Amino acid sequence: MTHKDSSQKGSSQNRSSQKASITVASATAIGVGGMMGAGLYTLVGLAATTAGVWIPVAFLVGGLVSLFSVYSYAKLGARFPSRGGAAQFLIRCFGDGVIAGGLNIFQFLGWIIAMALYASGFAGYARHLLPFDTPDWSGKAIGVGLVIVLIGVNAIGSKLVGRSEMLVVAIEVAILVAFVVAASFKADGSNFEQSGGEGVIGIFFAAGLLYVTYEGFGVVTNSAGDMKNPAKELPRAMYQALFIVIVIYVVISSLIVMVMTLPEIEANQGHVLSDAGRAVLGQVGFIVIGAAALLATASGVNATLFGDANLAFTVAKSGEMPADFARGVWRSGTWGLLMAGALTCAFVVFFPLSSVGQMASLAFLIVYGAVSAGHMRVRHQTGAKAWLLIAAVTLNLALFCLLLGYAIHTGPASTWITLIVVLIASFVVEIVYRKVTHRSLRLEAAPASGDADAAAAS
């Protein structure tokens with residue numbers, strides 16, 4: 001065997017070893033961690049205003065709608081393994097043009113709104129845990145302060161924060177499991193007989209609002225390039241992660257209803273889970289679950305700032321994946337990090353928790369629906385069934401229309417007007433930026449032929 005042959009064999013073995021570094025179990029854990037977190041702590045009480053005691057059904061409906069988008073993502077990720085997620089899928093589906101570019105900018109702004117939701121949730125729990133009353137403006141100050149601190153951490157490229165994400169998820173899961181066990185002994189099923197909410201349509205309104213609690217499923221596709229056989233392993237991991245999260249959401253929301261009255265849930269909208277902890281375990285439960293909520297919401301801001309928003313910003317700016325994206329650092333420039341932080345702070349200051357919650361869900365319904373719509377153009381390459389993609393688009397559109405209608409009917413006009421302005425502005429910016437810089441959108445380097453063939457085998 002020649003030195004060249006030996007080197008090629010060694011290189012091939014190294015690639016195989018690297019691709020096997022992510023198993024189905026680890027990818028499932030990544031998916032659970034990506035989905036389960038801040039949304040559960042911040043939106044349950046808000047959902048109760050329309051769903052009444054049927055919050056678990058709203059979570060189930062949101063999860064079933066997400067299932068069709070998961071199908072679309074799983075097929076795309078299996079055929080086109082990439083760390084780029086939706087950013088690369090949009091380019092793959094729509095090509096180098098204004099549609100993909102505008103949607104990528106809108107996706108970046110969607111992550112900004114999601115960070116504002118998490119920061120506002122953090123502020124709500126922080127104020128609630130304090131042993132004294134604080135003025136209303138303090139919530140805005142706490143939310144902005146959290147963002148500023150995390151901007152500083154990300155600016156210096158702290159590896160510790162990135163590595164701590166899985167530890168945070170493990171702590172959250174342990175606390176939630178303890179809550180489930182303790183609440184089971186105090187649960188009162190007759191609480192489901194309470195009247196309230198807006199009937200069946202109210203459940204769908206709540207499902208639209210809660211959709212953002214599932215938005216992290218796409219993170220699993222980022223690991224497809226490190227799987228041994230993404231064609232088989234990626235779909236299994238995504239479906240398993242979604243199933244686990246749906247069960248967790250349904251069980252926990254059911255127990256909240258069974259240990260608290262509906263008026264109590266609605267009165268403690270921004271921090272209902274910590275109050276459920278107090279109903280079950282007294283002041284200890286209140287403090288422990290409140291601390292878990294602070295971890296979850298702060299972790300949600302950091303993880304998004306550290307990864308998702310960074311990726312979307314870089315692709316929108318340069319048109320391609322950053323070479324060192326796996327390191328999770330804002331290599332694209334400090335000014336981009338500052339811009340993301342400034343926009344997040346603006347949403348925290350000018351919008352209440354309910355508004356950013358609605359805008360975040362509306363934004364991701366658009367993005368995930370667009371990915372499935374674009375998937376129709378490449379479905380012959382992925383092997384996806386047309387009717388399932390059409391169902392994904394239709395269901396995302398239906399929930400979007402319901403939630404938008406609810407926002408227009410009940411909320412301040414600034415909520416839905418801002419979202420529409422953000423959507424239109426995303427395409428305007430793309431058109432202008434493309435003309436000024438002549439930037440084009442480029443795909444991440446394709447996998448080796450053997451890998452592509454394996455992915456296509458599905």
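Note that the structure is a prediction, hence the values are computed from the model and not measured.
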Kindly state whether the ring of Phe364 and the ring of Tyr211 have centres lying under 6.0 angstrom apart.
no
Do Tyr368 and Phe217 make the cut of ring centroids closer than 6.0 angstrom?
yes
Minimum heavy-atom separation for [X] to [Y], with atom names?
| X | Y | value |
| --- | --- | --- |
| Thr437 | Tyr433 | OG1-O, 2.7 Å |
| Ala360 | Ile113 | N-CG2, 3.6 Å |
| Gly63 | Leu242 | O-CD2, 3.9 Å |
| Asp96 | Ser440 | OD2-CB, 3.2 Å |
| Thr42 | Gly121 | CG2-CA, 3.4 Å |
| Met376 | Ala386 | SD-O, 4.0 Å |

Find out whether [X] and [Y] are in side-chain contact, i.e. whether some heavy atom of one side chain is under 4.5 Å from a heavy atom of the other.
| X | Y | value |
| --- | --- | --- |
| Ser355 | Pro412 | yes |
| Leu294 | Leu129 | yes |
| Ser372 | Phe68 | no |
| Thr49 | Ser354 | no |
| Tyr214 | Leu210 | no |
| Leu117 | Leu43 | yes |
| Leu103 | Ile99 | yes |
| Leu402 | Ile201 | yes |

Could you tell me the separation between the [atom1] atom of [X] and the [atom2] atom of [Y], rounded to the nearest 0.5 Å?
| X | Y | atom1 | atom2 | result |
| --- | --- | --- | --- | --- |
| Leu46 | Ile265 | CG | CD1 | 12.0 Å |
| Ser120 | Met115 | OG | CE | 12.0 Å |
| Leu404 | Ser361 | CG | OG | 12.5 Å |
| Ile420 | Ile417 | CD1 | CD1 | 7.5 Å |
| Leu146 | Thr344 | CG | OG1 | 10.0 Å |
| Ile246 | Leu64 | CD1 | CG | 5.5 Å |

Give a yes or no on this: more than 12 heavy atoms of other residues, nucleotides or ligands lie within 6.0 Å of atom [atom1] of [X].
| X | atom1 | result |
| --- | --- | --- |
| Phe350 | CZ | no |
| Phe106 | CZ | yes |
| Tyr239 | OH | yes |

Tyr118 vs Ser299, side-chain contact (heavy atoms from CB on, under 4.5 Å): CA-CA, chis, key distance, verdict
CA-CA 9 Å; Tyr118 305 151; Ser299 173; over 6 Å; no
For the backbone of [Y] and the side chain of [X], can you confirm whether one donor and one acceptor N or O come within less than 3.5 Å of each other?
| X | Y | value |
| --- | --- | --- |
| Lys140 | Phe351 | yes |
| Tyr406 | Gly208 | no |
| Arg434 | Gly97 | yes |
| Gln381 | Val378 | no |

In sequence, state the C-alpha distance, the side-chain angles, and the governing distance for Trp416 and His409, and then conclude on side-chain contact (heavy atoms from CB on, under 4.5 Å).
CA-CA 10 Å; Trp416 59 272; His409 180 67; over 6 Å; no
Can you label the angle between the Phe59 ring and the Tyr249 ring as parallel, tilted or perpendicular, going by 30° and 60°?
tilted
With Phe89 as reference, evaluate Phe80, Phe94, Tyr73 under the ring-ring contact (aromatic ring centres under 6.0 Å, His included) test and give the passing residue.
Tyr73
With side-chain contact (heavy atoms from CB on, under 4.5 Å) as the test, would you mind laying out the steps for His128 and Asn268 before giving the verdict?
CA-CA 10 Å; His128 197 50; Asn268 298 283; 4.3 Å; yes
For the residue pair Thr415 / Gln358, report whether a side-chain donor-acceptor contact shorter than 3.5 Å exists.
no
Ignoring hydrogens and geometry beyond distance, is a side-chain donor-acceptor pair present between Asn396 and Ser69 at under 3.5 Å?
yes
Can you check side-chain contact (heavy atoms from CB on, under 4.5 Å) on Phe179 and Ile175, steps first, answer last?
CA-CA 6 Å; Phe179 169 77; Ile175 292 175; 5.6 Å; no
